[in-house]
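Numbers restart at 1 for each chain; the letters A, B, ... are given by sequence-line order, proteins then strands.
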Amino acid sequence: RFIPDSITGITTDTHNVTDAHNVTWHDFGRFLDVGRGSEVSGMSELKKYLCRFGYLPSTNNFTDVFDKELESAVRAYQSSLGLSVTGKLDSDTISTIMSPRCGLRDTAHNTTDKLHVTRH
Amino acid sequence: FAYFYGKPRWVKESPMTLTYAFSANNMIDYISLEEIKRVFKHAFARWASVIPVSFMEVEYYQSANIRIGWYHRDHGDGEPFDGVLGVLAHAFSPENGRLHLDAAETWSVDFETVKSREAVDLESVATHEIGHILGLAHSSIKEAVMYPSLSPRSVKVDLKLDDVEGVQALYGTNPNFTLSSLLESENSSNGG
């Protein structure tokens with residue numbers, strides 16, 4: 001089972017008992033090496049992640065299928081994050097996806113990004 | 001480096017000074033206010049050393065250019081935090097000025113005393129978010145401060161050439177900045 005170094009051992013909440021761990025991202029390790037055409041339960045959560053950070057358009061109906069759109073999104077993510085562009089959920093890509101990060105989207109030129117507001 | 005849509009930047013009279021303040025009600029209590037202020041002062045100073053912009057702490061939160069606070073979950077800006085790890089913080093593009101940190105994280109200013117495996121370096125995140133406040137978006141250069149991810153218990157506070165070139169294209173160069181000193185420090189941090 002794939003467990004990236006940066007996340008290894010994160011099993012206990014030592015600081016704030018009212019906040020659960022971000023278990024969703026932690027669970028993405030099980031998608032390692034899943035390829036186009038596969039259907040894996042929970043893949044829709046990965047699509048939501050990629051949507052949140054600007055790599056997939058918003059929809060209420062993400063499926064668990066690794067489809068062409070997801071492959072394109074993975075390629076775009078890999079390019080943005082300086083990873084090898086393979087379109088596959090390789091260990092570098094999964095490890096980076098699971099890392100804690102800034103909440104701002106990576107696609108800076110998306111005009112619909114809520115965080116691109118200015119004060120007038 | 002990358003910019004936000006429309007390449008927004010702060011537009012003020014020269015020499016430019018941006019004020020910042022901490023929220024009175026939305027702070028963490030396990031790091032002293034004095035220590036938090038020291039960390040942010042360092043983070044602002046790193047950016048100020050490369051561009052002709054200075055930063056000044058003020059008391060009045062509402063009227064400060066940059067407003068800093070810690071928040072849990074949904075805090076009203078449409079971008080809820082998500083608990084421990086995951087999203088650590090976010091900030092808004094110029095000239096909005098909001099810099100929000102996830103109160104659920106185990107923030108640290110010293111990994112010698114904070115032993116949690118989930119501890120997140122406050123100065124690293126502050127430096128990154130100030131980059132957004134100034135107008136930089138995420139970089140694809142892993143070593144850059146503006147790279148979007150940061151592992152727990154890691155420190156990334158030194159601006160890299162990518163960060164510096166990006167912010168200097170927005171604001172110009174601090175007359176005291178020398179490229180050679182930056183390259184020297186990059187070289188030494190790479191082990192020569």
Are [Y] and [X] co-members of a hydrophobic cluster defined by side-chain heavy atoms under 4.5 Å apart?
{"X": "A:Val40", "Y": "A:Ile94", "result": "yes"}
{"X": "A:Leu32", "Y": "A:Leu89", "result": "yes"}
{"X": "B:Ile141", "Y": "B:Val164", "result": "no"}
{"X": "B:Tyr3", "Y": "B:Leu134", "result": "yes"}
{"X": "B:Val58", "Y": "B:Ile130", "result": "no"}

Review point. Does a sphere of radius 6.0 Å around NZ in B:Lys12 hold more than 12 heavy atoms from other residues, nucleotides or ligands, not counting ones at 6.0 Å or beyond?
Key: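 Yes - once you tally the heavy atoms of other residues, nucleotides and ligands closer than 6.0 Å, there are more than 12.
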| request: Count the heavy atoms belonging to other residues, nucleotides or ligands that lie under 6.0 Å from CD of B:Glu184, then report whether that count exceeds 12. | output: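 Atom CD in B:Glu184 is not crowded, with 12 or fewer foreign heavy atoms closer than 6.0 Å.
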Problem set entry | Part of A:Phe53 within contact of chain B (heavy atom distance under 4.5 Å) |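 A:Phe53 touches chain B through side-chain heavy atoms alone.
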Given heavy-atom pairs under 4.5 angstrom as the criterion, report whether the side chain, backbone, both or neither of B:Ser139 touches chain A.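 The backbone, not the side chain.
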- Query: In terms of heavy-atom proximity below 4.5 Å to chain A, should B:His100 be classed as side chain, backbone, both, or neither?
  - Reply: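 It is neither, since no heavy atom gets under 4.5 Å.
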ask   = Mind checking whether A:Leu104 and B:Phe92 have side chains closer than 4.5 Å, heavy atoms only?
value =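 Side-chain contact under 4.5 Å: no.
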ask   = Does any non-hydrogen side-chain atom of A:Arg52 lie less than 4.5 Å from one of B:Val87?
value =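 Yes, at least one pair of side-chain atoms sits under 4.5 Å.
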**Message:** Just verifying a value: how many Å separate A:Arg101 CZ and B:Leu88 CG, rounded to the nearest 0.5 Å?
**Reply:**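 A:Arg101 CZ to B:Leu88 CG: 9.5 Å, rounded to 0.5 Å.
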query = Distance from B:His90 atom NE2 to A:Arg105 atom CZ, nearest 0.5 Å?
reply =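 Nearest 0.5 Å value for the NE2-CZ distance: 12.0 Å.
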Quick check: closest heavy atoms across [X] and [Y], and the distance to 0.1 Å?
{"X": "B:Asp82", "Y": "A:Trp25", "answer": "OD2-CZ2, 4.2 Å"}
{"X": "B:Glu129", "Y": "A:Cys102", "answer": "OE2-SG, 3.2 Å"}
{"X": "B:Ser151", "Y": "A:Pro100", "answer": "CA-CD, 4.5 Å"}

